[in-house]
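What follows is a set of notes on a single structure, which appears directly below.
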Amino acid sequence: MTIKEFQDAVFSAGKRAGFSAMELYVSQSRSFNVKIFQKEVDNYSLANVLGVGFRGEFSGKMGYAYTEILDEDSVQLLVQQAKGNAQLIDGDDEVEIFGGSPDYPTVEAFNHDFANVPVEQKITAARALEESAFAADARVTSVNYALFADGEEEVHMANTRGLQRSFRRNSGACFVMVVVKAGDKVKTGSSYTIGNRWELFEPTKLAQEAVEEAISMLDADSVASKSYPIIFRNDAAGDLLKTFSGVFSADNVQKGLSRLDGKLGESVAAAHVTLLDDPLLQDGAASAPFDGEGVATYTKPVINGGILKTFLHNLKTAKKGGVSSTGNAYKSSFKAPITVAPSNFFVQPGSQSLDELMEQMQDGIVITDLQGLHSGANAVSGDFSLAAAGYRVEKGQIVGSVDQITVAGNFFDVLRDIEAVGSDLKFGMGGHGGNVGCPSLWIKSLAVAGK
Amino acid sequence: MIDEKLISEVILAALASGGDFAEVFIEDTKQTNIKMVDGRVEDGVSGRDFGIGIRIFQKHQGIYAYTNDPGRSNLLQVAADAASALAGQRLIDTVKLDRTTIDSNHKILQLPNGTAAAKKVDVMRRAHGAAKGYSDQISQVTIVYGDVQQDVLIANSTGLLVEDQRVRTRLAISSVASKNGEKQSGFYGPGRHMGFEMYEKLDIEHYAQEASRIAVTMVNADYAPSGKLPVIINNEFGGVIFHEACGHSLEATSVAKGTSVFSNRLGEQIASPLVSAVDDGTIPNAWGSQNIDDEGRATQRNVLIENGVLKGFLIDSLNARRMGMEPTGSSRRQSYRYAPTSRMSNTFILNGESTPEEIIAATDYGLFARYMGGGSVNPATGEFNFAVNEGYLIRNGKIDKPVRGATLIGRGADILRKIDMVGNNLDTGQGMCGSLSGSIPADVGQPMLRVSEITVGGRKEAE
């Protein structure tokens, strides 16, 4: 069955089954990855997959089902299961299959040149990661990840209310992780690049960064337990923001799972903090012209000058809140029901470099790595207590490295306690739930546990 | 699923350019997830995952390709594309598949796929009622029901052809307690390699009340102290410490490449003599069990540590080549979208001699981690962190007030040596373990045990 034949079959079976509106979300993707270990190709993988998500309105409720096989059995399975699932729902939220926005922005996320990069060139890049890492320092004992991966995905949405939209993107990633050893001290360091322009990938530079970071941690020690002024370096700041990005979702607000409930128009962060959701960002990993419900996307500040301006909405939360969708309906894959998530979500950079922030802070700790974000952070209360590593700063200069500490605080307090925002905006490695980025953030003070 | 003749042809196509082993993994999975928030079903999703993974080895090198178009021409093309990553002459030109049938060690009485959705929702309502009714301070309860039926066929160039069915059922219960604008959450997620009969065997109301009890206790708790303290880690999900801090470093994934702290250390004393630990994928109907691993090898009970001495690793067939050791039935994957590798199944520390009461009574001042949260570890350095979901201070040999927000950090190798008391109340808890080959169900477990000193990260200074 072709996709079009399958779609026609599902929509007519669905109509007979009593659905008042239906939608298919078809994802077709290809991916590649290669991993080098000790000069050999250690892992090489290829994929081409298709997935179809179906949803439909049945008696005012939304039922979902999905399949990875396009055959007659699947037509029946999608319709019957989605109907069964719709009938289970006893929430009273209004749901809607969306007929389309008047206009859609143009987002170019597919680079043909990148799609045509030969496999050999990608393998060479992965090899260069490993070679450069060993060449960078004699204390490198192993390079446990030297990989290049890329992929492309085309999403096609079609529904019985007239929506018909497609979007295609491609992207690649280079990742290196090194192990260094001195005496009985072992440390790791890693770095990555993500994008769809080949010139972004600089394996030698990437390997050197990972090695430098690992070597710099070899003399790390814990510090005395007390409160310190803290700078979260851009990557650590981004990890923290990503962990708590759900507090800006209207869905969580309406369910009483966000402490920002009732704070629209109020100050929730330091006055120099602006937080943007920008689905149109050039080269943004989450840039797209429409969201998971087919609603046109647009750029907006969520926090502007410290003031909370909006929550992120899909159609359901917007209707419930009496506002318009902000184009933040999120479908993590063709299988998933619609939720809410940011697109490219970042704190607008300030003017100072990390060095300048340290100079201003004078004494404190720069946190470069946070661990345990999925377990040591309470997204509801905002409390966190996370394993961390970084550098001790005295008189504005790095004087040594720090590990085996935890840094603890509350996200909502951190927003208010941001003394300054750096200029070094960096986005994280992606994954589900939005593409989150942040510059380095200098925080007044946080509790550190160590010795 | 796909006929045996085509499977043989695909295996042969994959071996065209020097591969010395090829494998086909076919998966047909049906799953259902239903989410209930505050007693109302918010959404239900069900569907079918179907795909084929083709894997080729040439010495230490692994090639993997997957697709979900089972058509003959596509499968042969995918096999050929994968083979083209290798250079060499064909080594194997015949494959004779010999079907093995499994006598399942994990009897399934009621396939969830054939169970009425209304019965699933009834179970959720029971859990919701028990969790919500626990206290006025419970402001929200979320229940996620999940069941999976995974049918797999594994065939390879040695002639193996085997099919297995894995059926898993789980209920995840999250309670949020509120007090003066503060919110704290509690979680319990019982699951088994079982059908819908799980709900007759387990006391779901008990788990729901526990989730709420944790949330209420924590919302009324003060912040945890920070600093180095003796820590008593409770049984059951407390075993996450061993899973994270030690188990991952015993997986061939890191051991084979010499990047684990435990590489080349078999026979050495790596833990306190009080510690013995196993990984056992054979336990009937346990969450992390299955008849065969995802390479088609029978699962087994692997002794990892005996009286503190390192006895074994968890080894998949590709890393077995690198290590010159036998595979241990430990190769697992989330789905056909992942090449399998060495992973844990049900991993736990065995019973010791002390009673829980003795352990607490022997502790002057410290932290009692009654219910652990998740955590993570860097296998190269052994550095781990994990959250304490429900903690208490211990004073003068007695459990004192509850404390919240504690995180434990350290190095696995140090903690193993600092275990100075091991209890006699071994029990297990369920988790989803994420690593190279995806997210897979795994049991963690241990009896109550005491570590003489761990760095506790909290928001207050230690007394």
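Letters A, B, ... mirror the listed sequences (proteins, then strands); counts begin at 1.
Interface residue Val179(A): only side-chain heavy atoms are found under 4.5 Å from chain B. Interface remark: Ser139(B) contributes no atoms to any contact with chain A (heavy atom separation under 4.5 Å). In this structure, chain B has no heavy atom under 4.5 Å from any part of Ile338(A). When heavy atoms are compared at a cutoff of 4.5 Å, Ile52(B) does not approach chain A at all. In this structure, no portion of Lys120(B) lies under 4.5 Å from any heavy atom of chain A. Leu408(B) does not touch chain A: none of its heavy atoms, backbone or side chain, sits under 4.5 Å away. No part of Ile123(A) comes within reach of chain B, as not one of its non-hydrogen atoms sits under 4.5 angstrom from that chain. The contact between Glu182(B) and chain A is made entirely by side chain atoms (from C-beta outward), counting heavy-atom distances below 4.5 Å. Residue contact with chain A, scored on non-hydrogen atoms closer than 4.5 Å, is absent for Val219(B). At a 4.5 Å heavy-atom cutoff, the contact between Ile69(A) and chain B is made by side-chain atoms alone. Contacts of Asn378(B) with chain A are made by side-chain atoms alone, with heavy-atom separations under 4.5 Å and no backbone atom involved. Interface residue Tyr336(B): only side-chain heavy atoms are found under 4.5 Å from chain A. Only the side chain of Arg404(B) comes within contact range of chain A, with at least one heavy atom under 4.5 Å from a heavy atom of that chain. For Gln184(B), the parts lying near chain A are the backbone and the side chain together; criterion is any non-hydrogen pair under 4.5 Å.
Interface remark: of the candidates Gly53(B), Gly62(B), Ser185(B), Gly51(B), Gly62(B) forms the most heavy-atom pairs closer than 4.5 Å to chain A. Interface remark: of the candidates Pro70(B), Ala339(B), Ser46(B), Ser46(B) forms the most heavy-atom pairs closer than 4.5 Å to chain A. Of the residues considered (Ser254(B), Ala118(B), Gly374(B)), Gly374(B) shows the highest number of contacts with chain A, using heavy-atom pairs under 4.5 Å. Per-residue counts of heavy-atom pairs under 4.5 Å with chain B were compared for Val407(A), Asp383(A), Val380(A); the largest is that of Asp383(A). Considering only heavy-atom pairs separated by less than 4.5 Å from chain A, the leading option among Gln58(B), Arg337(B), Met372(B) is Arg337(B). Chain A forms the most heavy-atom pairs under 4.5 Å with one residue out of His60(B), Lys257(B), Met36(B), and that residue is Lys257(B).
Residue Tyr64(A) comes nearest to Gly44(B) through the heavy atom pair CB-O, 3.6 Å, listed as atom of the first residue, atom of the second, then distance. Between Gly457(B) and Ser385(A), the closest heavy-atom pair is O-OG, 2.9 Å. Between Ala387(A) and Asn385(B), the shortest heavy-atom distance links the atoms CB-CB, 3.4 Å. Nearest approach of Thr381(B) to Lys187(A), heavy atoms of both residues: CG2-CA, 3.8 Å.
A distance-only check finds a donor-acceptor pair linking the side chain of Glu68(A) to the backbone of Phe50(B) [under 3.5 Å]. The backbone N or O of Arg259(A) lies less than 3.5 Å from no partner atom in the side chain of Lys183(B), so there is not a single donor-acceptor pair.
Taking CG from Asn48(A) and CG from Asn74(B), the interatomic distance works out to 5.5 Å, rounded to the nearest 0.5 Å.
Put simply, the side chain of Leu50(A) does not reach to within 4.5 Å of the side chain of Asp69(B), judged on heavy atoms. Looking at heavy atoms from C-beta onward, Val176(B) lies in side-chain contact with Leu257(A) at the 4.5 angstrom threshold. When side chains are defined from C-beta on, Lys30(B) does not count as touching Thr67(A), because their heavy atoms never get closer than 4.5 Å.
A salt bridge does not link Arg55(A) with Asp43(B): every distance from a Lys NZ or Arg NE/NH1/NH2 to an Asp or Glu carboxylate oxygen is 4.0 Å or more. Ion pair Lys255(A)/Glu42(B) flagged as a salt bridge, since at least one NZ, NE, NH1 or NH2 atom sits closer than 4.0 Å to an Asp/Glu carboxylate oxygen. With respect to the salt-bridge test (charged N to carboxylate O, under 4.0 angstrom), the residues Arg125(B) and Asp90(A) qualify.
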